[in-house]
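Since the structure is predicted, the reported quantities are computational estimates derived from the model, not experimental observations.
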Amino acid sequence: MIPGLPARSLYREKLVLALNSRLGLMKLDELPWVNLSKPPGPVAWASKERMMLNQSWEPVYLFTNDPRASIADNRRVLKPHTPRQQRLIERGGEARDVVNSDGAYKVKPVSYGNQTAGSIPKNVLMIGHSCREQQRTKANARERGLRPHGAPMPLALADFLVRYLTAPGQLVADSFGGSLTTGRAAEINGRRWLCTEREWDYIAAGASRFA
């Protein structure tokens, strides 16, 4: 937010452009991380002045210096087919032959009839912030007199990104390691990891994840 105004800062857009123009990085994707249990805000402009809506998402940017060499693979994060999808596959796919949306979308007979390992996830991540792993880490920090991290990401988010963007055995690096959520997700999924963090309390608290 811009201080004192019901307007959002453009720092994210400027960051995206700078990563491309100054570092030559290309944007693979932008994944909205939707957290519907996020506390109301911005309070002044949504709850009091009523000019804005409560924000419930944050962007996850994926950048690379070479898109064709990207090792991201959606087969590592496939979701189970819904019962409806599975029934469609078992029937041999669609029976319809229709054209929708002025020809932009076509459905042909037997479409979606192949048995696959799972469903490709959408690029919108619906993950709440409530996380038992984070709750345990924060409780451990308080018991030891350490300052708990104020805004840790849920382990489920780090887990998804680690599996999607890297292969087993590869190195995952997080230069803003916090309480080592990324490191924990990497270790669970058989990746090597390296985290750096300037706040000692966060690192000390995060170490309890690996006791």
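- Side-chain atoms of Lys138 and Glu133, non-hydrogen and from C-beta on, never get closer than 4.5 Å to each other.
- For the residue pair Asn140/Arg144, the side-chain donor-acceptor check at 3.5 Å is satisfied.
- The main-chain N or O of Val110 is never found under 3.5 Å from a side-chain atom of Glu94 such that the two would form a donor-acceptor pair.
- Using a cut-off of 4.0 Å between Lys/Arg side-chain N and Asp/Glu carboxylate O, Lys38 and Glu58 are scored as salt-bridged.
- Checked against the 6.0 Å centroid threshold, Phe210 and Trp193 count as a close aromatic pair.
- Judged by distance alone, with hydrogens and angles left aside, the side-chain atoms of Asn189 form no donor-acceptor pair with the main-chain N or O of Arg163 at under 3.5 Å.
- Looking at Asp73 and Arg75, a side-chain N of the basic residue comes within less than 4.0 Å of a carboxylate O on the acidic one, giving a salt bridge.
- Geometrically, Arg12 engages Trp57 in a cation-pi contact, judged by NZ or CZ lying under 6.0 Å from the ring centre and within 45° of the ring axis.
- Side chains of Arg209 and Ser179: a donor on one and an acceptor on the other come within 3.5 Å.
- Between Arg192 and Gly169, the shortest heavy-atom distance links the atoms NE-O, 3.0 Å.
- With hydrogens and angles ignored, the 3.5 Å screen pairs no side-chain donor or acceptor of Ser111 with any backbone N or O of Val107.
- A donor-acceptor contact closer than 3.5 angstrom links the side chains of Gln86 and Gln115.
- In summary, the side chains of Asn35 and Ser37 do present a donor paired with an acceptor at a separation below 3.5 Å, with no hydrogens or angles considered.
- Judged purely by distance below 3.5 Å, without hydrogens or angles, the side chains of Thr137 and His149 never pair a donor atom with an acceptor atom.
- With hydrogens and angles ignored, the 3.5 Å screen pairs no side-chain donor or acceptor of Glu199 with any backbone N or O of Asp201.
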